[in-house]
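Hydrogens, waters and symmetry mates are skipped; everything else that's a heavy atom, side chains included, is used. Quick note on labels: first sequence line is chain A, next is B, and so on, each numbered from 1.
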Amino acid sequence: MPTSPVAELRAALGAVAAEVRGEALADAPRIERPPKPEFGDYSSNAALLAAPALGEPPRTVAERIGGLLTERLGEGVERVEVAGPGFLNLFMSDAWCRGALAAAMGQEEAFGAGAREAGESILVEFVSANPTGPLTVASGRHAAYGDSLCRILEFAGHRVEREFYVNDHGSQVRLFGESIQARARGDEPPEGGYKGEYVTELAGRIDGAAGADPDGLATRGVELMIEGVRGSLERFGVRFDRFFSERSLHQCGALDLVSTTLEERGEVYEHEGASWLRTTAHGDDKDRVLERSSGELTYFASDIAYHRDKLERGYDRAIDVLGADHHGYVGRMRAAWIALGGEPDRLEFLIMQLVNLLEHGRRMAMSKREGEFVTLDDLIDDIGVDAARYFLVQRSHDTTLDLDLTLARERSQDNPVYYVQYAHARIASILRKAGEPAVAEAVARDLSASTEILHPSARALLKRLLELPEEVTLAAERRAPHRLTVYGHDVAHDFSAFYRDCRVVGAAEEGGDEGFRIAMCVLAKRVLARSLGLLGVSAPEEM
RNA sequence: GCGCCCGUAGCUCAGUGGAUAGAGCGCUGCCCUCCGGAGGCAGAAGUCGGAGGUUCGAAUCCUCCCGGGCGCGCCA
């Protein structure tokens, strides 16, 4: 397993704290960046955690832990101070920093990656937009979020499959077919039908549409829409492993099977001519209809069949990324999952909040059926893939996102994504200037043997770069890709300070070790490229 | 009425138990003999929606209240 210098430090601290405590701490001690440079390179709450059980003042415990830690780390640590209520502040030596850089460099592209042995197999279902229109910006947020999450989970060591559920069955699809037919005949779409211009365009692309029946048109229309959706997603850098058709579930009898299974399990009852699933037995607030009194199956029934399929495929975990307007659906779906024999913890719902598009500070209406929407393609045309992806994952998924198009256009120069990309391009430029042989030599040599005295800016940058493994872990665990936009920005900022204070090419002129500084640049470049890559944003060599 | 999400600087938002709460944009003022100025530095700007509680310690956890968004169908 790739380990990191910070992880080793944490392990050492944990061992020492356990020794003082007499047994392992209930909570692993934290290693954090202290708020101020006077507090050292790292600080830990280990003594605060151990003190209550020992019945001793935290500062006394801290002194003992500090003493043992100093012994254990030897020349790695310059000094350990006890501060405040009992924090341990660690001041690392230059030797430790050099060793840490060497260790991180040695991991090459695997730096920051999680252990595959501990990984899970995870199915992530996201976007799953109705195939009755092009992808909107809201779907774009789902795509950007879901895909980044998958990239992060994969890098963190999990095996991930991306799946798009296609609602190609039911009344909406029929209505779609009727709308296409109407347009083909030069009529208005039926009441509640699809009025977007793309429907007319679609009608023109289907031969003999005016004379065709609505069901056939719906099938063909959905095919063409999915083709378009795939194209938009491809352009956006998002590729699915599978487009799962709802209709295929109906065709292979999966719905009958699931009904039978649930009946056999005693989860279903008849009431007023309909059949109901007793979801209240598994935490839902009311029971739900599976088969209407008309004999028609509900959408919910399809979804249960779909989730049964997921369950049987045997993933360790299934994640459903849903829109905010579907949150009411979580309770019943989880209940159905349990009714099918699934473990509740293995089905996870992530609710995406809405995207408000602002144009000139005004909120834009977005209704697919009325045809008033901005498509993902429009957005990409407008601000580009990189900016679009970055903007759409910049905020936590559970908060409403305001995206002001006017602002995104006008301020494209001040766009934070350019700031991070610029830092990457600038490093590439420095490395070009240094020359390939010098870079190759710096990467190959034993950096821990360098005599470089680290400038505070270099030290700050190095510590930031060493945070990557922890950031990846947290982003994966918390399903929080947006953390990496913050992290990438921090790296770019710290690199700027390093660049200002430490000459790389020609470092010898100011008494520095050029090779060591080149290695710092290489690691910074890798970390930036990794952070951007996990967000699906490009890391350009020049801009 | 019930459920889910949100409320942090003028604006958009980071920060899921630690020290004096941060960033971007906007605002004020500086810095190009220098490896890329798409940059850097400094400053102004906060009752972390409110009130209780838990804790050595709360923006963070619990309870209640207020404000905003989204749901609550034999629709999908």
Residues, nucleotides or ligands: over 12 heavy atoms within 6.0 Å of A/Glu510 CD
yes
Below 3.5 Å, does any donor atom in the side chain of A/Asn89 face an acceptor in the base of B/rA19, or the other way round?
yes
A/Phe349 CZ to B/rC4 C1', in whole Å, measures 13 Å
Rounded to the nearest angstrom, tell me the gap between atom CG in A/Asp285 and atom C1' in B/rG73.
13 Å
Under 30°, 30 to 60°, or over 60°: which ring-plane class applies to A/Tyr299 and A/Tyr329, parallel, tilted or perpendicular?
tilted
Side chain of A/Ser171 only, please: which of B/rG17, B/rA76, B/rG37 is the nearest?
B/rA76
Side-chain donor/acceptor contact of A/Ser43 with base of B/rA19 under 3.5 Å
yes
When the C1' atoms of B/rA58 and B/rU16 are compared, how many Å lie between them, rounded to an integer?
12 Å
A/Arg395 has a side chain; which of B/rC6, B/rA14, B/rC35 sits nearest to it?
B/rA14
Starting from P on B/rC72, measure out to CD1 on A/Ile351 and report it in whole angstrom.
13 Å
Are A/Tyr422 and the base of B/rG36 stacked, counting only ring centres nearer than 5.5 Å and planes tilted under 30°?
no
Stacking between B/rC35 and A/Tyr499, yes or no? Criterion: centroid separation under 5.5 angstrom, plane angle under 30 degrees.
yes
Heavy atoms from C-beta onward define the side chain here; which of B/rA38, B/rA19, B/rA76 lies closest to that of A/Pro34?
B/rA19
Pick base, sugar-phosphate or nothing for A/Ala425, based on heavy-atom distances below 4.0 Å to the nucleic acid.
base
Is A/Ala434 touching bases, backbone alone, or none of the nucleic acid, heavy atoms closer than 4.0 Å?
nothing
Return the orientation label for the A/Tyr145 and A/His397 ring planes: parallel under 30°, perpendicular over 60°, tilted otherwise.
tilted
Would you say B/rG37 has OP1 or OP2 under 4.0 Å from some side-chain N or O of A/Arg500?
no
Across the strands shown, which category fits A/Gln421 at heavy-atom distances under 4.0 angstrom: base, sugar-phosphate, nothing?
nothing
When we call it a touch if two heavy atoms are under 4.0 Å apart, what does A/Cys502 touch: a base, just sugar-phosphate, or nothing?
base
Distance check: side-chain N/O of A/Arg292 vs OP1/OP2 of B/rC75, anything under 4.0 Å?
yes
With heavy atoms under 4.0 Å as the rule, sort A/His482 into base, sugar-phosphate or nothing.
sugar-phosphate
Have a look at A/Ser396 and say if it touches a base, only the backbone sugar-phosphate, or nothing, with a 4.0 Å heavy-atom cut-off.
sugar-phosphate
Counting neighbours of CD on A/Glu509 that are heavy atoms of other residues, nucleotides or ligands and sit closer than 6.0 Å, is the number greater than 12?
no
What form does the base of B/rC32 take, syn (within 90° of 0) or anti?
syn
When we call it a touch if two heavy atoms are under 4.0 Å apart, what does A/Arg483 touch: a base, just sugar-phosphate, or nothing?
sugar-phosphate
Please say whether more than 12 non-hydrogen atoms of neighbouring residues, nucleotides or ligands are located less than 6.0 Å from CD in A/Glu270.
yes
Say you pick atom C1' in B/rC6 and the same atom in B/rC48; how far apart are they, in whole Å?
14 Å
Between B/rG36, B/rC70, B/rC5, spot the one nearest the side chain of A/Leu354, thanks.
B/rC70
Between B/rG26 and B/rG18, how far apart are the P atoms? Round to whole Å, please.
32 Å
In whole Å, measure the gap between the C1' atoms of B/rU12 and B/rG50 for me.
24 Å
Heavy atoms under 4.0 Å, any strand shown: does A/Ala274 hit a base, just sugar-phosphate, or nothing?
base
Using a cut-off of 4.0 Å on non-hydrogen atoms, how would the nucleic acid contact of A/Leu290 be classed: base, sugar-phosphate, or nothing?
nothing
Could you check whether A/Glu291 gets within reach of a base, just the sugar-phosphate, or nothing at all, counting any heavy atom under 4.0 Å?
nothing
Check whether the aromatic ring of A/Phe87 stacks on the base of B/rA19, taking stacking as ring centres less than 5.5 Å apart and planes within 30° of each other.
yes
With rounding to whole Å, what would you report as the distance between B/rG17 and B/rC64 at their P atoms?
22 Å
Take a 6.0 Å sphere around CD of A/Glu441 and say whether it holds more than 12 heavy atoms from other residues, nucleotides or ligands.
no
Between B/rG7 and B/rA44 - C1' atom distance, rounded Å:
25 Å
Atom-pair distance (CZ on A/Arg59; P on B/rG57), nearest Å:
17 Å
In whole Å, I'd like the distance from the CG atom of A/Leu88 to the P atom of B/rG18.
16 Å
Whole-Å P distance, B/rA21 and B/rA45
14 Å
Output the rounded distance in Å from NE2 (A/His327) to C1' (B/rG69).
10 Å
Under the 6.0 Å and 45° cation-pi test, does A/Arg426 pair with A/Phe495?
no
Which of these nucleotides, B/rC70, B/rA76, B/rA23, is closest to any side-chain atom of A/His489?
B/rA23
Nearest listed nucleotide, side chain of A/Arg478, among B/rU16, B/rG36, B/rC5:
B/rU16
Contact class for A/Asn167 (heavy atom, under 4.0 Å): base, sugar-phosphate, or nothing?
nothing
Would you classify A/Val504 as touching base, sugar-phosphate or nothing, given that sugar-phosphate means primed atoms plus P, OP1 and OP2, and contacts are heavy atoms under 4.0 Å?
base
Return the nearest nucleotide to the side chain of A/Asp402; candidates are B/rU16, B/rG36, B/rU12.
B/rU12
Are a donor atom and an acceptor atom from the side chains of A/His307 and A/Asp320 found within less than 3.5 Å of each other?
yes
With respect to the phosphate group of B/rG73, does any side-chain polar atom (N or O) of A/Tyr329 fall under 4.0 Å of OP1 or OP2?
no
Closest to side chain of A/Ser496, choosing from B/rG40, B/rC56, B/rC74:
B/rG40
So what does A/Phe300 touch, heavy atoms closer than 4.0 Å: a base, only the sugar-phosphate, or nothing?
nothing
What verdict does the side chain to side chain contact (heavy atoms under 4.5 Å, CB included) test give for A/His493 and A/Asp490, after you've listed the backbone C-alpha separation in whole Å, the side-chain angles of each residue and the deciding distance to 0.1 Å?
CA-CA 5 Å; A/His493 181 262; A/Asp490 287 344; 5.5 Å; no
Looking for any heavy atom pair under 4.0 Å, which part of the strands does A/Pro35 touch: base, sugar-phosphate only, or nothing?
base
B/rC13, B/rC72, B/rG36: which one has an atom nearest the side-chain heavy atoms of A/Lys286?
B/rC72
Using atom CD of A/Glu477 as one end and atom C1' of B/rU16 as the other, report the distance to the nearest whole Å.
12 Å
Nearest-Å distance for atom pair CZ/C1', residues A/Arg426 and B/rC34
11 Å
Candidates B/rG18, B/rG40, B/rA76 - which lies nearest the side chain of A/Asn45:
B/rG18
Looking at A/Ser293 and B/rC74, is any side-chain donor or acceptor paired with a base atom of the opposite kind under 3.5 Å?
yes
Can you tell which of A/Arg174, A/His250, A/Arg247 makes a side-chain hydrogen bond (donor to acceptor under 3.5 Å, both in side chains) with A/His169?
A/His250
